[in-house]
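These notes concern the structure reproduced below.
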Amino acid sequence: MITVHTKDQGSIQVDDGAALGEIARAHAGKQAGVIAARLDGNLCDLSVKPGDGAQVEFVTADSPEGLEILRHSTSHVMADAVKRLYPDTKLTIGPAVEDGFYYDFDTAHAFAPEDLPKIEAEMARIIKEDLPFVREDVSREEAERLFSEKGESYKLEILRELEPGPISIYRHGQFVDLCRGPHVPRTGGIKAFKLMSFAGAYWRGDEHNKMLQRLYGTAFKTKEQLDKHVRRIEEAKKRDHRRLGRELDLFSTSEDVGGGLILWHPKGALIRKLIEDFWRERHLENGYDLVFSPHIGRENLWQTSGHLGFYRENMYSPMDIDGQNYFIKPMNCPFHIQIFRSRQRSYRDLPIRYAELGTVYRYERSGVLHGLMRVRGFTQDDAHIFCRPDQLSAEVEGLIDFSVYMLRSFGFSEFDTYLSTRPEKFAGAPARWDAATEALRSGLVAKGLPFQVDPGEGVFYGPKIDIKVKDSLGRAWQCTTIQVDFNLPERFGVEYIGDDNAPHQPYVLHRALLGSLERFFGVLTEHHAGAFPVWLSPVQAVVIPVSERHVEYARKVRGEVAGAGFRVQADERNEKLGYKIREGEMQKIPFMLVVGDREVADGGVSPRTRGREDLKFMTIESFVSLLRERAVRPAPRRG
RNA sequence: GCUGGCGUAGCUCAGCUGGUAGAGCGGCUGACUUGUAAUCAGCAGGUCACGGGUUCAAAUCCCAUCGCCAGCUCCA
């Protein structure tokens, strides 16, 4: 007998030579569904036999790591199924990913939608066979022999790059794969899986390499969890901003206009206007100066800024004006710098903060265009801050506060924040990089914003902070970016006169809080599923007369509510009440005011809120004060 | 840009292995006079993305083009 220490059962006595699986069966008790274990801190298969005094923790598919193992095992089963159906297939890699797993194949067979059920059926067969997953540790030579016999050239390529030491392979049935493991004990342990989609993917993500075929799938511990996941995806589709954009008549794109170019319809434009008004007011309150700059600039400007050197491929072709080349701006920076340079600046003038809702145009490859999220023409909520070294920390902290305030004002509360540090190729002095990076880092710490460091992921001209928010499909979209720029001040000779009467180079910070109005509006639409907060709703209330004889009264109500400063319509169409209510719900209008005989007689309205909260009869005045309460804009930032 | 899929009425889609187009919603008109998520009826909408080809005959099969979608790649 030996002793192992478990987390749940404490120290237990087990037979010497017992595998973890047997121990789990004997001691994990109710905790059925153990699929792997953590032995002295490392994940391993249940076939492993622990030594005396080992620390053991059982892993189930309820934990994120357990789920990952389950999905990884399912990807092996899928690969097996594909090889059974299409024997010429070569295996490449098949990891678990955030919501499931994928496996990339090199095969002459082009996958089609009808293949997914076939592969699923084959997988079900493999699961029913309940084959054990068997790990073997082999020598590199043995592994090479095995995979070259099988013609698995990609596996050989991976093999050649692995660290020296024994190689682990996993088998189940006839299937064998190079794999680190661990895996569930048997294929029968997979209870709920589904293949989701297929797509092309380059070998090793490099577009110069061969395009492989990727199958995506997912697996869960139970059928219920899988169904829930599928329903969540369907729900997310309903929230797709492109769909809501059409249904709510917010925006569109047109083939005739061109891809990635947005047409803002009246309702979308109104929401945008409300966002812009809010944005401008808050910037003025927070010490920014508003500026405007042109859409095009001479070649020389972009030469000096360096954009023609390092950003040319994202810029559109120049236009000839009086023999001079002019370029449509992909960024606002050079213009703001020109405003700064338009006169001499004293250290007393700093910090200077120029803000502009600047519309820029960038070439994006056609395949990446996506609704409002990825476009070719967009308006950045841009600003450039010029400050002295002793002001840098305060500016960064102020920016972090301001960013979070803005995002929260629109209903976002979950952020993924990244700090990107100096890359291999960079401009500017290392000492300034270090100082700036430290200022960003300590700013994040001081403001208590959790973040992740992306080492070497900064842009060449300076370190940056990025804040991303997630959309309903779980994709993260970058909104806020706060970047220090060491390049432009250098290139344009930006300087101020210090208290020593000598010129100094200021720190230049480039930032966008919402990112682009287009993307932000897309994220906002999905976040609220089209049901915008009352202060942003294009139509805040609709008056619904019960029948034609109430139309006149409905107009009167509409007039009074509109007179109080609200966006209100009257639905005078010759339709039944239920029809108009339904329409109002689908248009996500926050308040519906039903007026019929009772309301006319008593001189009031019967409001119903979005989401079927039925309010009792009230006077028009009390409704207006209710609306005033619900439509309040986020309060200005304190301090 | 690459790989795959898809382009049929304003929208969502049907139209099997070729025989010159259909539904629901929406729109218009009329009837009904409506009490909290779809009243009924009639009518009008389509060069079946576009250009070639095969065929007696093409929405359907083939080729090219354009667009959209998913993913990859890219993303200052």
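Throughout, a chain's letter reflects where its sequence line sits, starting with A, and its residues are numbered from 1.
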**Report entry** Partners passing side-chain hydrogen bond (donor to acceptor under 3.5 Å, both in side chains) against A:Asp466 (at least two apart in sequence or in another chain)
**Finding:** A:Lys464, A:Gln478, A:Thr481
Query raised in the report: According to the interplanar angle, ranging from 0 to 90°, do the rings of A:Tyr316 and A:Tyr363 count as parallel (below 30°), tilted (30 to 60°) or perpendicular (above 60°)?
Result: perpendicular
Requested in this report: Ignoring hydrogens and angles, answer whether the base of B:G1 and the side-chain atoms of A:Tyr202 contain a donor-acceptor pair closer than 3.5 Å.
Outcome: yes
Report summary line: In whole angstroms, the gap separating P of B:C66 from CG of A:Leu369 amounts to 15 Å
Report task. Write down the distance between OH (A:Tyr553) and C1' (B:U33), rounded to a whole number of angstrom. Result -> 19 Å
**Report entry** Nucleotide B:C2, atom C1' - distance to CH2 of A:Trp203 in whole Å
**Finding:** 18 Å
Report summary line: Taken to the nearest whole Å, CG/A:Asp249 to C1'/B:C11 is 13 Å
Report task. For B:U47 and B:U36, measure between their C1' atoms and round to the nearest Å. Result -> 46 Å
Query - Nucleotide nearest A:Arg374 when distance is taken to its side chain, options B:U73, B:C75, B:C69 - result: B:C75
Query - Euclidean distance, A:Asp416 CG relative to A:Ile467 CD1, rounded to 0.5 Å - result: 10.0 Å
**Report entry** Integer-rounded Å distance: B:G71 C1' and A:Arg365 CZ
**Finding:** 14 Å
Query - Along RNA chain B (nearest heavy atom to each residue), the more 5'-positioned of A:Val459 and A:Gly371 - result: A:Gly371
Report summary line: Per the O4'-C1'-N9-C4 / O4'-C1'-N1-C2 angle with a 90° window around 0, B:G45 comes out syn
Requested in this report: Could you check how far NZ of A:Lys580 sits from C1' of B:U34, rounded to whole Å?
Outcome: 9 Å
Query - Closest-nucleotide ordering on RNA chain B, the 5'-leading residue of A:Lys464 and A:Glu548 - result: A:Glu548
Query raised in the report: Taking CG from A:Leu215 and C1' from B:G71, how many angstroms apart are they, rounded to a whole number?
Result: 12 Å
Report task. With sequence neighbours excluded, tell me which residues meet ring pair (Phe, Tyr, Trp, His ring centres under 6.0 Å) with A:His336. Result -> A:His384
Query raised in the report: If you check every side-chain atom of A:Tyr216, which of B:G27, B:G1, B:C72 has the closest atom?
Result: B:C72
Report summary line: Only one of A:Phe426, A:Trp433, A:Tyr461 passes ring pair (Phe, Tyr, Trp, His ring centres under 6.0 Å) with A:Phe486, and that residue is A:Trp433
Pair up each side-chain donor or acceptor in residues 304-311 of chain A with any protein partner under 3.5 Å, not counting sequence neighbours, and list the distances.
from: A:Thr304; atom 1: OG1; to: A:Asn300; atom 2: O; distance (Å): 3.0
from: A:Ser305; atom 1: OG; to: A:Leu301; atom 2: O; distance (Å): 3.4
from: A:Ser305; atom 1: OG; to: A:Trp302; atom 2: O; distance (Å): 3.1
from: A:Ser305; atom 1: OG; to: A:His307; atom 2: N; distance (Å): 3.2
from: A:Ser305; atom 1: OG; to: A:His307; atom 2: ND1; distance (Å): 2.6
from: A:Tyr311; atom 1: OH; to: A:Arg362; atom 2: NE; distance (Å): 3.3

**Report entry** side-chain N/O A:Arg204 vs B:U73 OP1/OP2, d < 4.0 Å
**Finding:** no
**Report entry** Base partner of B:U3, which must satisfy Watson-Crick or wobble distances under 3.5 Å
**Finding:** B:A70
Query raised in the report: Mind checking who B:U55 pairs with, Watson-Crick or G-U wobble, both distances under 3.5 Å?
Result: none
**Report entry** ring pair (Phe, Tyr, Trp, His ring centres under 6.0 Å) involving A:Phe521 - partner list, sequence neighbours excluded
**Finding:** A:Trp264, A:Phe532
Report summary line: note: A:Leu195, atom CG; B:G71, atom C1'; distance rounded to Å ~ 16 Å
**Report entry** Salt bridge A:Glu560-A:Lys556, side-chain N to carboxylate O under 4.0 Å
**Finding:** yes
Query raised in the report: Does B:C16 pair with anything, Watson-Crick or G-U wobble, both distances under 3.5 Å, and if so, with which nucleotide?
Result: none
Query raised in the report: What is the per-nucleotide protein-contact pattern of nucleotides 35-50 of chain B, from the 5' end, where B denotes a base atom under 4.0 Å from a protein heavy atom, S denotes such proximity for sugar-phosphate atoms only, and - denotes neither?
Result: BBBBB-----------
Query raised in the report: Does OP1 or OP2 of B:G1 have a side-chain N or O of A:Ser366 closer than 4.0 Å?
Result: yes
Query raised in the report: What interatomic distance, in whole Å, is found between P of B:G67 and the corresponding atom of B:U73?
Result: 23 Å
Query raised in the report: Taking the C1' atom of each, how far is B:A9 from B:U54, in whole Å?
Result: 29 Å
Query raised in the report: Which whole number of Å gives the distance between the P atom of B:U8 and that of B:C61?
Result: 15 Å
Query raised in the report: If you look at every strand shown and take non-hydrogen atoms under 4.0 Å, does A:Met331 touch a base, only sugar-phosphate, or nothing?
Result: base
**Report entry** Distance, P atom - from B:A41 to B:C25, rounded to whole angstrom
**Finding:** 9 Å
Requested in this report: Using the C1' atoms only, state how far B:G71 lies from B:A59, rounded to an integer number of Å.
Outcome: 29 Å
Which atom pairs, donor and acceptor, lie under 3.5 Å between side-chain atoms of residues 195-205 of chain A and protein residues at least two apart or in another chain?
from: A:Trp203; atom 1: NE1; to: A:Glu157; atom 2: OE1; distance (Å): 3.4
from: A:Trp203; atom 1: NE1; to: A:Glu157; atom 2: OE2; distance (Å): 3.3
from: A:Arg204; atom 1: NH1; to: A:Glu161; atom 2: OE1; distance (Å): 3.0
from: A:Arg204; atom 1: NH1; to: A:Glu161; atom 2: OE2; distance (Å): 2.9
from: A:Arg204; atom 1: NH2; to: A:Glu161; atom 2: OE1; distance (Å): 3.4

Query raised in the report: For atom C1', what is the distance between B:G24 and B:A64, given to the nearest Å?
Result: 36 Å
Query raised in the report: Applying a 3.5 Å limit to both distances, which nucleotide forms a Watson-Crick or G-U wobble pair with B:U29?
Result: B:A41
Query raised in the report: In whole Å, what separates the P atom of B:G53 from that of B:C69?
Result: 32 Å
Query - Under-4.0 Å side-chain N/O to phosphate OP1/OP2 contact, A:Arg242 with B:A70 - result: yes
Report summary line: A:Met211 has its side chain closest, among B:C2, B:A70, B:C72, to B:C2
Query - Lys/Arg-Asp/Glu bridge criterion (N-O < 4.0 Å) met for A:Glu438, A:Arg441 - result: yes
